[in-house]
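Chain letters run A, B, ... following the sequence lines, proteins first and then strands; every chain starts at 1. Treat the numbers as computed from the prediction; the structure is a model and nothing was measured.
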Amino acid sequence: MLDVAKQAVEAAMAAGADYADGRIVAEDTESLTVRNQEMEGIDRATSEGLGIRVLVNGYWGFAATARREPEEIDRAARLAVEIATAASRLPMKPVRLAEVEPATGTWHSPMQEDPFNVPLEEKVSLLMEATRRMQSVQGLAFAEGGIDLFRRRTVLATSEGTAIDQTTVQSGAGIEATATAEGELQRRSFPNSFRGHISAAGWEHIQRLGLIEEAERTATEAVELLSAKDCPSEVTTLVIDSGQVELQIHESIGHPVELDRVLGMEEAYAGSSFVKPDDRGKLRYASPLVSITADATLSGGLGSFGWDDEGVPAQRMPIIEDGVFQNFISSRETASVLGLPSSGAMRADGWAHYPLIRMTNISIEPREGSLADILGDTKDGVFMSTNTSWSIDDHRVNFQFGCEIAWRIKDGKLTEMYRNPNYTGITTEFWGSCDAVGGREEWTVWGTPNCGKGQPGQVARVGHGASPARFRNVQLGVRG
Amino acid sequence: MPGMIGPDEARRVADAALSLPDADGVEVLFMHEWGGLTRFASSSIHQSTHREDTGVSVRVIKENRIGVASTNDFTIEGARRAADHALEMANVVAPDALFPGLAPQAEVPGVDLYDEATASATPAFRADGVADLVAQCPEGFTAAGAFETIASEVAVANTEGQFCWSPSTMASINTVVSGGEGGHGFAEVFESATSDVDPVAIGKRAASKAVDSQSPRDIEAGRYPVVLEPAAVSTLVGFLAWIGFGGRSLAEGRSCFSGKEGQRVAAGDVSIYDDARARGTLGLPFDFEGVPRSRVDLIKDGTFLGGVYDLRTAKQAGVRTTGHALPPPNPEGPFPLNLFMEPGEASVEEMIARTERGLLVTRFHYTNVVHPIESTITGMTRDGTFLIENGEIAHPVKNLRFTQSIVEALTRTEMIGRDTELASEFFFSASRVPALKVASFNFSGRSDH
């Protein structure tokens, strides 16, 4: 594979490129879905191809092909140069790249047992038993379980001498219980919503999740939610669990600090950001309890690697320190605009897509206390768990997020269950109201495998380490 | 430049999978896509790409046990390997009691959506188009967006003898023009041929909105009458595709329309249908299991008539398939992909003139579901929101969050536009819809820009 990547780079340079990188990606996926003890879907997919990116006189071009013949590789390289040349139709300041040392080497995500080698029967059996246990709960309509496996091997060669070979294997699973009644539908998921908990790990990760053990509780809560009261509409104290803090970080911190978004490069699609280049070291983003880190070296994170898709080494970097904004996540091009080194966040969705600045693992630093401690310290408020819905404006300011379930907190104890809970806020006001962040014992590295960005649209797999947290004076219960 | 592979070659490779021994049935879904996208921001071309990919997806049935395997290796060997993998998976699962069989042989009327000039559009051609668009920006304003020209061919073949193949092309431009004192304006177009796409017109429309939306003022959240332009209406209609019209969710009580067949769910002049073969959409004439697509009247004169089905959900519901299968495996069931809302008789200007105090909304952004059974969704306005007072545009306003039941909005629709546009929604496929005037729309929050 490296030879083909190098051939592409050489062909691009011969066609007139000033810089070229060739990235060959081979992907395998396997997905199983069981519902009410019936197989809903079992499929495997493979995909392999080459993406060639070039700079010609400071303009980018990119061409991708699944064809493997040598003449096709050369043709794609020439096409990339043609595309870059056409881009000069609209003059702009030439792209400059922040320096990086050429890298050589290999990297593999940590894994004990290759999930692709686990017999299908074992995977099916796990989901069948989990759904059987959920269905034992009276009143449940649908019991669903899913397993998703992902393997991506990326070989990158650049005209500067980088030659790297990396493989990530990711495993995820989850269960979902749905209860229905006249005019109402309630859902509970475990260990997280939208296909569960996915980690850069092997089959051992899925075995540790406890899907069978948690099946009945999950189903019972779904049924109980049908007769629960709607979450009241009020301004109060909100405690959110680790999985919801993950989503909160993703939408209201991870995306706004992508430097391409800040520089207007995503304006037409997902928008820009309220954060400005001059905000580094100055913007009060959150309360002093909140520190956020971007860490591509985090074990088990979906956003971990050895080098990004420009060959920049994985690194750990503060994004917010004690509430003050510090750094963007960046690429060689965007970092150069600010006179900084790249933070190594360029990642493409497979071979067919152009790399974009993507979150790596954006995490909140744990502080202290368990979830029970935080709840016990709360006189009055609401505790919400497990995301169902997310919406935020095009500058990442106004958001509204929904969860599956909530409980009233009264004098440190969970009392009444609420259904259809949601909350809304303004990003910096919300994070500014954070007055408790759970400790290491509650900290989980969650995976978000479906982060969308770019035109044409592409999906990134990113991670977030999160503990439960508490926020004051939050508007809950938004209704239509 | 790559080009069409064609039905003969598609059939040749598919046959390698169809001839799999030890299977009761095999279905092959073939997809080939090639084309380029020229992306621009700050009036410069900053990301310009081209891609070509093929997909061969094989569904194998053995004693009603089903496995699916896919590859992008479009060769005899690749198809055979995918078939073997699919059989391997079918062998370990339990039979599907509801498996309805593969699609029978059937004629599929063609659609004329392939344009060679679009399929072979060059980077230079797109760059010129972007330059023409950018030239419409007044001083102090810049444009961002994408000009895409893409070709595709889809084929389905199965061991029942069905074979269908359809090529198509799409040319699309979307842009946001921004600048001045916080002005933002949006415009887009989708057509099957580049000759029908006018970058100058798109640039002018977005630029005009951007100029008009400068210095947006604060406005209180609350309920307002609204005039929704087609891009905003496509959000309402697109989300109904997901939470309302799918046959599986209807049959299982998970749809906002479950149990409402024959009931009024919208104002009397609201009609929504799905028709992949109609003029005005970019549709595939058959679904992803090879069944010819039918027109389906979903809401007629305000009354909900029914949803869309594939073979399996049709069997589940005791109805006929409407030809809306998605690629297998598909636990979610069928969805409409080519929605239309019937136009009315009003112009947007007339809608504005009949509004005493309300809002004109260009489009919505990042919408998501709050309550699927109540059809309540939430999202933000974006790229041109204006206060209407006494029948005239008063001034632009800052963006608002809405939290609104789609069904309630359609029930309170007072006027329907006479012109339609093929308009996209952030998460779903484009719908052809008119503008609407809705008597009351709930804006639950606001932003700072």
Side-chain angles (χ1 to χ4, degrees), chain A residues 33 35 38-49 59-67 79 82-84 86-87 89-90 92 120-121 124 141-142 178 180 183-185 264-268 271 352 354 389-395 397-398 400 402 420 422 424 426 455-456 478-480, chain B residues 37 39 41-54 67-72 85 89 92-94 123-124 127-128 130-131 134 144-146 174-176 178 253-254 329 331 365-373 376 378-380 382 399 401 403-405 442 444-445 447-449:
Chain A
T33 304
R35 193 203 220 205
E38 292 178 357
M39 204 75 221
E40 285 279 321
I42 180 168
D43 76 289
R44 275 199 190 131
T46 64
S47 175
E48 184 172 330
Y59 294 87
W60 285 116
F62 177 84
T65 180
R67 296 176 189 255
L79 178 57
E82 180 187 342
I83 290 169
R89 175 74 175 77
L90 284 169
M92 70 175 191
L120 283 169
E121 292 87 343
V124 171
F142 306 107
T178 303
T180 61
E184 196 54 64
L185 180 152
M265 295 161 78
E266 291 291 319
E267 176 78 46
Y354 181 91
S389 170
W390 61 98
S391 171
I392 193 165
D393 74 28
D394 60 324
H395 286 191
V397 175
N398 177 302
Q400 183 168 311
N420 304 322
N422 62 28
T424 188
I426 300 295
Q455 293 172 299
V478 182
R479 300 271 174 267
Chain B
L37 182 145
R39 196 176 192 207
S42 304
S43 293
S44 302
I45 296 171
H46 70 308
Q47 288 166 12
S48 207
T49 64
H50 186 279
R51 69 190 182 279
E52 183 196 10
D53 197 12
T54 51
V68 179
S70 309
T71 179
N72 74 335
H85 287 151
M89 285 183 283
V92 303
V93 301
D128 284 342
V130 171
V134 163
N174 62 77
T175 189
V176 171
S178 55
R254 296 184 292 111
H365 173 73
Y366 218 156
T367 303
N368 214 323
V369 177
V370 174
H371 196 302
I373 305 296
T376 301
T378 186
M380 297 294 301
R382 188 184 163 177
N399 287 311
R401 168 165 297 284
T403 304
Q404 173 66 49
S405 157
N442 184 42
S444 52
S447 191
D448 63 354
H449 62 282

Who among [options] has the most heavy-atom pairs with chain B under 4.5 Å?
options                               : result
A:Ala352, A:Gly271, A:Gly49, A:Ala268 : A:Ala268
A:Ile392, A:Asn422, A:Asp393          : A:Asp393
A:Gly264, A:Gly183, A:Gly41, A:Pro456 : A:Pro456
A:Met92, A:Met39, A:Glu267            : A:Glu267
A:Ile426, A:Asp394, A:Val478          : A:Asp394
A:Gly402, A:Ala66, A:Ala84, A:Ser47   : A:Ser47

Q.
Whether the B:Arg401 and A:Ser391 side chains hold a donor-acceptor pair (N or O, under 3.5 Å, no angle test) is what I'd like checked.
A. yes
Which atoms of [X] come close to chain A, meaning under 4.5 Å heavy atom to heavy atom: side chain ones, backbone ones, both, or neither?
X        : value
B:Thr376 : side chain
B:Ile373 : side chain
B:His449 : side chain
B:Ser444 : side chain
B:Ser43  : backbone
B:Val369 : backbone
B:Asp53  : both

**Q.** Residues which pass side chain to side chain donor-acceptor pair (under 3.5 Å) with B:His365, listed by chain and number, not counting sequence neighbours
**A.**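 For B:His365 the side chain to side chain donor-acceptor pair (under 3.5 Å) partners, ignoring immediate neighbours, are B:Arg382.
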Q) Partners of A:Thr33 by side chain to side chain donor-acceptor pair (under 3.5 Å), sequence neighbours excluded? A) A:Arg195
Under a 4.5 Å heavy-atom cutoff, which of [options] has the most pairs with chain A?
options                              : answer
B:Val134, B:Thr54, B:Val370, B:Val93 : B:Val93
B:His85, B:Arg39, B:Arg51            : B:Arg39
B:Ala41, B:Ala127, B:Ala69, B:Ser48  : B:Ser48
B:Thr367, B:Asn399, B:Val176         : B:Val176

Sidechain-backbone polar pair: [X] side chain, [Y] backbone, donor-acceptor under 3.5 Å:
X        : Y        : result
B:Ser44  : A:Leu90  : no
B:Asn442 : A:Arg479 : yes
B:His46  : A:Met265 : yes
A:Ser389 : B:Asn368 : no

Q.
Does B:His371 form a side-chain contact (heavy atoms from CB on, under 4.5 Å) with A:Leu185? I'd like the steps, not just the answer.
A. CA-CA 8 Å; B:His371 196 302; A:Leu185 180 152; 5.7 Å; no
Q | Distance in Å, B:Gln47 CD paired with A:Phe62 CZ, rounded so as to fall on 0.5 Å steps | A |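 Here the rounded value is 10.5 Å.
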**Q.** Atom group of A:Thr65 that falls short of 4.5 Å from chain B, counting heavy atoms
**A.** both
(Q) Check for me whether B:Arg254 meets the cation-pi criterion with A:Phe142, that is, NZ or CZ under 6.0 Å from the six-membered ring centre and within 45 degrees of the ring axis. (A)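 Yes, B:Arg254 sits over the ring of A:Phe142.
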(Q) Any carboxylate oxygen within less than 4.0 angstrom of a Lys/Arg side-chain nitrogen, looking at A:Arg89 and B:Asp128? (A) yes
Q | 4.5 Å side-chain heavy-atom contact, B:Thr71 and A:Arg44 | A | no
Q. Passes side-chain contact (heavy atoms from CB on, under 4.5 Å), A:Gln455 versus B:Asn174? Steps please.
A. CA-CA 10 Å; A:Gln455 293 172 299; B:Asn174 62 77; 3.0 Å; yes
Q.
The test is side-chain contact (heavy atoms from CB on, under 4.5 Å); show your working for A:Asn398 and B:Met380 and say whether it passes.
A. CA-CA 8 Å; A:Asn398 177 302; B:Met380 297 294 301; 3.7 Å; yes
